Amino acid sequence: MAEIGAEVVRIVHQYPGGGSVELRFFEVRKYQGEIENRIFREIRWVTRQELLGLDFLEADLPLVKNLAAGKVL
């Protein structure tokens, strides 16, 4: 069970050759239970400093860089 808070950031990414995706990220202050991985090969908790060493999709990179730099949350 998660307690979902305010929207933190919204990103619209245009892919070369067409197509776009809108990503919305929300604050979660309380969480109980195990993380459920429905899409990715691997999922785990890491520190901000470890984020830039991981492989992210192009659309996720602006947010990941801001998270790692402490600019978001």
Side-chain angles (χ1 to χ4, degrees):
M1 174 164 286
E3 198 173 292
I4 308 298
E7 185 175 302
V8 175
V9 68
R10 185 181 303 197
I11 298 169
V12 176
H13 180 79
Q14 297 283 17
Y15 284 98
S20 68
V21 63
E22 180 179 76
L23 304 171
R24 296 179 184 195
F25 297 88
F26 294 85
E27 180 179 32
V28 177
R29 292 258 178 207
K30 293 181 182 179
Y31 185 83
Q32 280 184 309
E34 294 294 318
I35 300 171
E36 186 176 332
N37 182 5
R38 295 184 180 186
I39 299 172
F40 300 102
R41 177 183 39 158
E42 180 183 1
I43 187 168
R44 67 179 187 254
W45 295 109
V46 298
T47 65
R48 290 179 190 266
Q49 295 78 19
E50 294 173 289
L51 286 172
L52 296 177
L54 301 173
D55 186 26
F56 286 94
L57 296 172
E58 185 180 334
D60 297 329
L61 290 177
L63 176 63
V64 170
K65 289 177 182 177
N66 284 336
L67 283 168
K71 295 180 181 179
V72 178
L73 299 177

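Predicted model, so just to flag it, every value in this text is computed and none were measured. Side chains included, hydrogens not; waters and symmetry mates left out as well; all remaining heavy atoms used.
For the salt bridge (Lys or Arg N to Asp or Glu O under 4.0 Å) test, residues two or more places apart in sequence or in another chain that qualify with Arg10 are Glu7. Residues meeting the side chain to side chain donor-acceptor pair (under 3.5 Å) test with Glu3, sequence neighbours left out: none. Residues that satisfy the ring-ring contact (aromatic ring centres under 6.0 Å, His included) test with Phe25, not counting sequence neighbours, are absent from this structure. Scored by the side chain to side chain contact (heavy atoms under 4.5 Å, CB included) test, Thr47 finds Gln49, Glu50 as partners (sequence neighbours excluded). By the side chain to side chain donor-acceptor pair (under 3.5 Å) test, Glu42 pairs with Arg44, sequence neighbours left out.
In terms of heavy atoms, Gln14 sits closest to Gly19 at OE1-O, 3.4 Å. Between Val28 and Ala2, the closest heavy-atom pair is CG1-CB, 4.1 Å.
In this structure, the side chains of Arg24 and Glu22 come closer than 4.5 Å at one or more pairs of heavy atoms. When side chains are defined from C-beta on, Phe56 does not count as touching Leu63, because their heavy atoms never get closer than 4.5 Å.
Hydrophobic clustering (ILVMFWY, side-chain heavy atoms < 4.5 Å, transitive): Leu23 and Leu57 are in distinct clusters. Tracing side-chain contacts under 4.5 Å through hydrophobic residues (I, L, V, M, F, W, Y), one never reaches Met1 starting from Tyr31; they form parts of separate clusters. Under the 4.5 Å side-chain heavy-atom criterion for grouping Ile, Leu, Val, Met, Phe, Trp and Tyr, Phe26 is not connected to Val12 through any hydrophobic cluster.
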Listed pairs under 3.5 Å, donor-acceptor, residues 65-73 side chains, sequence neighbours left out:
residue, atom, partner, partner atom, Å
Asn66, ND2, Pro62, O, 3.4

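Counting heavy-atom neighbours within 6.0 Å of Asn37 CG, excluding the residue itself, gives a total above 12.
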